[in-house]
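Accompanying notes for the structure given below.
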Amino acid sequence: MKPYEMTNMIIDDFAVDEYVTAEFTYKNKNYSITFKKADLEIINSWVFEEGTSFPANLSDEIIESIREDVKNSI
């Protein structure tokens, strides 16, 4: 069982690049990670707390697991 729950995934199509944003809950907090769709390079990651967003500090293992989930979904 994974330590997070994926709640939403959005694919944004901009002029040149496409991006995938994965939203998930982990340790009772809401997070989002945005990847470039072409190679799943991480663009940014955020944690949402008390109505504010902060840069997220996630382990490499969590990021890789989410990247794999995104890869399997697109």
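For the single chain, residues carry numbers from 1 onward in sequence order.
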Does any N or O in the side chain of S65 come within less than 3.5 Å of the main-chain N or O of E61, such that one atom is a donor and the other an acceptor? no
Point-to-point distance, once rounded to the nearest 0.5 Å, from OG of S53 to CG of N44: 9.5 Å
Pair E49-N30, side chain to side chain contact (heavy atoms under 4.5 Å, CB included): steps then yes or no: CA-CA 8 Å; E49 296 182 80; N30 295 316; over 6 Å; no
Interatomic distance, L40 atom CG to E68 atom CD [nearest 0.5 angstrom]: 9.0 Å
Single-linkage hydrophobic cluster, 4.5 Å side-chain cutoff, I43 and V70 together: no
Hey, does Y4 have a side-chain heavy atom less than 4.5 Å from the side chain of I62? yes
Which atom names give the shortest non-hydrogen contact between V47 and A56, and what distance separates them? N-CB, 3.8 Å
Could you give the side-chain donor-acceptor pairs of residues 10-26 under 3.5 Å, partners two or more places apart or in another chain?
from : atom 1 : to  : atom 2 : distance (Å)
E18  : OE1    : K37 : NZ     : 3.4
T21  : OG1    : T34 : OG1    : 3.0
E23  : OE1    : N8  : ND2    : 3.3

Flag yes if W46 and Y31 sit in one hydrophobic cluster, no otherwise; membership is Ile, Leu, Val, Met, Phe, Trp, Tyr, and two members link when side-chain heavy atoms are under 4.5 Å apart. no
Is the CG atom of D39 crowded by more than 12 outside heavy atoms at less than 6.0 Å? yes
Looking only at heavy atoms, the pair that brings I42 and R67 closest together is N-NH2, 3.8 Å
To the nearest 0.5 Å, how far apart are OG in S45 and CG in N57? 8.0 Å
Would the number of heavy atoms belonging to other residues, nucleotides or ligands and lying under 6.0 Å from CG of N72 be above 12? yes
With side chains defined as the heavy atoms from C-beta onward, is the minimum distance between F54 and T52 less than 4.5 Å? yes
So with a 6.0 Å cut-off around CD of E5, is the heavy-atom count from everything else above 12? no
